[in-house]
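For reference, the structure discussed in these notes is given below.
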Amino acid sequence: MKTTTKQKSLALMLVAPVLLLALPAHAALRVLACEPEWGALAQELGGELVEVSVATSALQDPHQIQAKPSLIARARSADLVVCTGAELEIGWLPILLQQSGNAKVQEGQPGNFAAANFVRKLDVPGQLDRAQGDVHAAGNPHIQTDPRNIALVATALGARLQQVDPSHAGQYAQRLADFSQRWQQAMARWTAQAAPLKGAAVVSQHKAFVYLYDWLGLKEVAVLEPKPGVEPTASHLQEVLQALKSTPAKMTLYSAYQDSKASDWLSRNAGVPAVKIAFTVGGTEAAQDLYGLFDDTVNRLLAAGAKR
Amino acid sequence: MKFPFPAGLALALATPLGTLAAPPTPSNPNDLQSLRLEIQAMRQDYEARIKALEQRLVAAERGAPAAAPMPVPHAAASDPVPPPMAVAAPAPVPMPTPPATTSAGANAFNPALSLILSGLYTGTTVSPANYSITGFQMPKASEAGPGARGFNLSESELGLSANIDPWWRGAANISLHGDDSVSVEEAFIQTTSLGNGLTLKAGRFLSGIGYLNAHHAHTWDFVDNPLAYQAMLGTQYRDDGLQIKWLSPTDQYVELGLELGAGRNFPGSDGDKNGAGMAALTVHSGGDVGDSHNWSAGISWLRNDASNQELGFVDTAGNLLGNAFTGNTQVTVVDGVWKWAPNGNATRTSFKLQGEYLRSTRSGVLGYDVAGANLSEAYSATQTGWYLQGVYQFLGQWRVGLRTEQLGPGTPDYGLNAALLAGTGFKPSKDSLMLDYNPSEFSRIRLQLAQDRSRENQTDSQVFLQYQMSLGAHGAHGY
């Protein structure tokens, strides 16, 4: 009798540290962000109340991510999943959620937040046909390139944080108010700085910047990808080169995760400078947070615009 | 060494468990307060949505008649709310509403529909008729081998899936075969709301054993499955039954799976009984190594009962005989996958290394040449097989792959049938080289060359030319 109790207690003592490791205390709300910009936003709005983990980096194409084990494990323990939506993550997020065994973050639940639901989307195709490339039925999903969209998403995400973590609702509301105020000031600054760019003709490598152009009044005169998601071809680049002779452009924009080869080619052959856009937080050295992202974007556009 | 264990233990356990026990929903002391906060949150949520709607309305009103060439710059810094959206001039679309949600009526709830079209040209130097793997007793109607020569419609597949209600999801995959037959590859329901890392599946599904088994044919990196799968799992193991998976709540991915099924498919057979003829256990783990590498590894165990299972076997004289096996089979699978892409961006360049080891133990009674000699004798065999493959993606749309594989026939104990059945210990092997071109993520054209030495004294040089295209719903693929 005595020995069995002893053995039991010994076993428990051995198991206790394992349990401690396996079940760490999570006071903070666990947020899994699909893209860095939403991770940064959740951090701004949640502060120490949230523990943010980001599924992808600025150097990865958010269309083409795999539902790898580490991501499934993180979806398993998330209280809130914050993604772009609008089919951007359609190739991997559904699998992640299915395999997570986490009821809280399934579509339709408060723990599933899709940023694109809260902004007006551009490039909504009138006709859905894959002959047009990898088109998105809901519209262009790259909404984060317009800071006004960030503001809209912040309002909605702030409300959602209060909903899923009601015991800290007051703090979330306070942080949202702070952020919104600072963001409005920053937007006014960027808009004023970028005013000289208004009406400038630009070329895009991928149709990833419609919201940026909409915000700053830039005019997209050509796209290097013949169809969305299709690699630039030599013949299409020649066509763009010809077209640029009649409608010259000031610069070509490409995202940090993209291979700049096509943009560089155009730069050499048409003298149109190629501009690397951070595209999201972490895309460039300077884009370390949401403010840095737009500071850097505006600075790079102005620098390239001043060259000609 | 004495340790005040009860207190220490209680302290150790109470801390994490206590925090876990607290429900995430409005809790203890003042429910009223949390209810207020919740209502407040909902109100803000709705306000955000209404704001977005208003802006869309403004944009639509301005956009329709205007044809303004330039977006309107927006207002001053003192705006308390996000200023109204500027007009998007070049967008030819009048309404920003997604078309998918506007389609009214019954069709709006149609399941996601996808169709995989696949066709194949096969050239072999040895006729695939009477194909068998030397030393391995395989089912008579096996899909093993390179299939028919010449032009073939290879497996084309119709997939349907949708959420059923807030608690279930359903999916079906219907295979259309070249010989005008149709088969149900998968048809299952799956829970979406059990939580706690649990997912329950019921119906017909591909078993979660190994790595490749749960992958549909159109996601394979080669035209055919490895020999080990062909010889020991009837090309791919599927069953009618139940599967429960549990994902551990740790940062490290650990997934446990348990399956119970009828066990009608090879290595099992229809047992005409109420209980389960198949049981499987799976354990998988995986993770990242830096930004550029990630991996997965697992070990699985499958047990199947067979009763009067019809087998085809080529005897030492080269004749195809009908044998019948009654007994049980245990298959152990060890799998590992390593993937690399620079910074985790597999758009242009990536590499995938994948290997599996299978070990099958069968024991029971084998009826030899059931049509002729009909000698039933004790039979036991432990056979093994492995493959190792690497696939390298280059220039974005191109991939090249190499696969090498070998089977170990072991030394089966045929009892008194030994004189008729015993082989020479020949080890079947095969090497395959693959090159494919993927114009988009929806289309693929593949060339595969292989040296197939699965039949003793015969080297079959094979060439395959294949297309695989995907129509309809954008598929999401597992790891």
Side-chain angles (χ1 to χ4, degrees), chain A residues 9 12-13 16 19-20 22-27 57 59-61 64 66-70 72-73 76-77 79 90-92 94-95 101-103 106 118-124 126 130 137-139 148 151-152 155-156 159-160 162-163 166-167 169 184-185 188 199 214 217 230-231 257 259, chain B residues 5 9 12-13 15-16 19-20 24 26 34 37-38 40-42 44-45 48 52 55-56 59 70-71 73 77 79 82 85-86 88 91 93 96 98-100 192-195 197-199 247 249-253 286-288 291 294 296 343-348 396 440 442 474 476 478-479:
Chain A
S9 54
L12 275 170
M13 275 169 66
L19 281 175
L20 271 173
L23 309 167
H26 288 300
S57 85
L59 300 180
Q60 297 169 353
D61 181 346
Q64 297 187 15
Q66 285 196 330
K68 55 182 183 174
S70 62
I72 297 170
R76 156 76 165 95
S77 48
D79 298 306
I90 196 167
W92 53 283
I95 292 277
N102 183 350
Q106 300 298 320
F118 300 93
V119 304
R120 183 176 63 98
K121 285 177 284 298
L122 303 176
D123 275 353
V124 180
R130 291 236 171 87
R148 295 170 304 177
L152 287 170
T155 310
R160 188 64 65 88
Q162 295 172 44
Q163 190 186 351
S167 54
Q184 292 299 332
Q185 288 164 0
D214 184 46
V230 177
E231 290 269 310
Y257 71 80
D259 190 322
Chain B
F5 75 89
L9 195 64
L13 288 175
T15 337
T19 48
L20 275 180
S34 52
L37 290 171
E38 208 170 327
Q40 168 80 7
M42 278 167 68
Q44 289 188 4
D45 191 29
Q55 285 168 4
R56 274 160 59 166
M70 274 297 107
D79 272 3
M85 289 289 172
V93 185
T192 56
S193 59
L194 279 185
L198 288 168
T199 310
L247 198 59
T250 47
D251 288 341
Q252 175 69 35
Y253 171 87
D288 293 346
D291 283 340
N294 49 76
S296 148
N343 298 313
N345 185 10
T347 313
R348 294 188 64 81
S440 76
F442 307 105
H474 193 307
Y479 182 69

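Convention: sequence-line order gives letters A, B, ...; per-chain numbering from 1. Only heavy atoms go into these numbers, but all of them, side chains included; no hydrogens, no water, no symmetry mates.
Each of B/T347, B/N345, B/N343 has some count of heavy-atom pairs under 4.5 Å with chain A, and the biggest count is that of B/N345. No other option in B/G287, B/G396, B/G286, B/G344 has as many heavy-atom pairs under 4.5 Å with chain A as B/G344. Contact tally against chain B (heavy-atom pairs below 4.5 Å) for A/G101, A/S70, A/A103: the top residue is A/G101.
Contact between B/D251 and A/A73 at its shortest, heavy atoms only, is O-CB, 3.5 Å. Contact record, B/A476 with A/W92: CB-N, 4.3 Å, taken as the closest heavy-atom pair.
Remark: B/T199 OG1 to A/N102 CG distance equals 10.0 Å, nearest 0.5 Å. The NZ atom of A/K68 sits 5.0 Å away from the CG atom of B/N294 when rounded to the nearest 0.5 Å.
Every residue was checked against the side-chain hydrogen bond (donor to acceptor under 3.5 Å, both in side chains) condition with A/Q60, not counting sequence neighbours, and none meets it. In this structure, the salt bridge (Lys or Arg N to Asp or Glu O under 4.0 Å) partners of A/D259, at least two apart in sequence or on a different chain, are B/R348.
Within the 4.5 angstrom heavy-atom criterion, only backbone atoms of B/L198 (N, CA, C, O) approach chain A. Of the atoms belonging to B/S193, heavy atoms from both backbone and side chain fall under 4.5 Å from chain A. Proximity to chain B involves both the backbone and the side chain of A/Q163, based on heavy atoms less than 4.5 angstrom apart.
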